[in-house]
Amino acid sequence: MMNFHRTAQIVEPNWLARPSTEVSPDLVGCILVRQFGDGSQLRSMIVETEAYGPEDPACHAYRRRTPRNEAMFGSAGRTYVYLIYGLYYCLNVVTDLDDVPSAVLIRALQLESVPSWVTPPTPAKSARLAAGPGKLCNVLQIDRSFNAQVLAPCQPLWLEHRPPDFVPDLVQTTRIGLTKGADLPWRWYLNNCPAVSKL
DNA sequence: TCTAAGATGGCA
DNA sequence: GCCATCTTAGAA
């Protein structure tokens, strides 16, 4: 039977149950879907990610398990959301096996459309509305209540695979804004993408 | 209890 | 380069 209408390929938890350094580059090009309370959806492509994991001095769970980093020890396919600098939320996708603290930070998105509630100052800036981990949570209206939630359809957030014919041109570099583990090349982004947070 | 630092971002 | 803003982890 011919299948012209491709159904969305949902990212399943078991696909995420790998080390974050493997999942992180694979998530670039995937689609993050945000469904709001009124049923409306905002779709966007992940264009920049960073991996955090065990034996990683920059990982929030490097020292020990605490109430804040608890979600990182949870099962793959859930979120880890935390507040940084008392101002911004950051969204992570939990990866790897249970009890292994591991997550992928979503650092930048390319929005499919500009939501009605944001008023971009200039057209040029609208491309960068979600260029940064704090900015994207702002646009998608993600706060701490999103921590440790399941990523699945009918939830506020879920992931869809990139089309099989889309092979992203990836750049791998060091992570942004760290004082520890700054030498590890665990950041990936889409080459020549205006929505990436930093070059 | 107290305090310094933090996976940021906007503006001068 | 400076700073807003506040939770959290780690020290005392």
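Throughout, a chain's letter reflects where its sequence line sits, starting with A, and its residues are numbered from 1.
For residues 126-147 of chain A, there are no salt bridge (Lys or Arg N to Asp or Glu O under 4.0 Å) pairs, not counting sequence neighbours. Applying the side chain to side chain donor-acceptor pair (under 3.5 Å) test to residues at least two apart or on different chains, the pairs with a partner in residues 29-41 of chain A are A:Q35-A:Q41, A:D38-A:S40.
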Legend entry - Steps toward side chain to side chain contact (heavy atoms under 4.5 Å, CB included) verdict (A:V11, A:I31): CA-CA 9 Å; A:V11 171; A:I31 304 300; over 6 Å; no
Short N/O separations, protein against nucleotides 1-7 of chain C, under 3.5 angstrom:
| from | atom 1 | to | atom 2 | distance (Å) |
| --- | --- | --- | --- | --- |
| C:dT5 | O2 | A:Y85 | O | 2.4 |

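A:V93 meets the side-chain contact (heavy atoms from CB on, under 4.5 Å) test with A:L16, A:L27, A:I106, A:L151, A:L159; sequence neighbours excluded. Judged as a ring pair (Phe, Tyr, Trp, His ring centres under 6.0 Å), and not counting sequence neighbours, A:Y85 has no contacts.
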Determine all donor-acceptor pairs shorter than 3.5 Å in which one atom belongs to a side chain in residues 192-199 of chain A; sequence neighbours excluded.
| from | atom 1 | to | atom 2 | distance (Å) |
| --- | --- | --- | --- | --- |
| A:S197 | OG | A:E48 | OE1 | 2.9 |
| A:S197 | OG | A:E48 | OE2 | 2.9 |
| A:S197 | OG | A:R107 | NH2 | 3.0 |

Acceptor/donor pairs from residues 51-60 of chain A side chains to any protein atom, 3.5 angstrom cut, sequence neighbours excluded:
| from | atom 1 | to | atom 2 | distance (Å) |
| --- | --- | --- | --- | --- |
| A:Y52 | OH | A:E50 | OE1 | 2.6 |
| A:D56 | OD1 | A:A58 | N | 3.0 |
| A:D56 | OD1 | A:R175 | NH2 | 3.0 |
| A:D56 | OD2 | A:G53 | N | 3.3 |
| A:D56 | OD2 | A:R175 | NH1 | 2.8 |
| A:H60 | ND1 | A:Y80 | OH | 2.7 |

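Looking at heavy atoms from C-beta onward, A:D26 lies out of side-chain contact with A:C30 at the 4.5 angstrom threshold. Using a 4.5 Å heavy-atom threshold, the side chains of A:E160 and A:R43 count as touching. Side chains of A:R78 and A:Q149 form no contact here, defined as non-hydrogen atoms less than 4.5 Å apart. Contact check for A:L190 versus A:V171: no side-chain heavy atoms found under the 4.5 Å cut-off.
When all heavy atoms of A:L42 and A:F36 are compared, the pair lying nearest together is CB-CE1, 3.8 Å. Here the closest non-hydrogen pair linking A:C90 and A:I84 is SG-CG2, 3.9 Å. Smallest separation of non-hydrogen atoms from A:C154 and A:W158: N-CZ3, 3.8 Å. Residues A:L109 and A:V47 come closest through the heavy atom pair N-CG2, 4.0 Å. Taking all atoms of both residues into account, the shortest heavy-atom contact from A:F166 to A:G29 is CE2-CA, 3.8 Å. Residues A:T21 and A:W188 come closest through the heavy atom pair O-CH2, 3.6 Å.
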Inset, instruction - Any chance you could encode DNA chain C as dot-bracket? Rule is Watson-Crick or G-U wobble with both distances under 3.5 Å; [ ] for pairs crossing earlier ones, | for another strand. - result: ||||.||||||.
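Listed by residue number, A:Y52, A:A58, A:H60 are the residues of residues 50-62 of chain A with a heavy-atom contact under 4.0 Å to DNA chain B. Taken residue by residue, residues 89-111 of chain A places no heavy atom nearer than 4.0 Å to DNA chain C. Near-neighbour residues of DNA chain C inside residues 174-199 of chain A, defined by a heavy atom below 4.0 Å, are absent.
First and last contacts of DNA chain B with chain A, using any nucleotide atom under 4.0 Å from a protein heavy atom and ordered 5' to 3', fall at B:dG6 to B:dG10.
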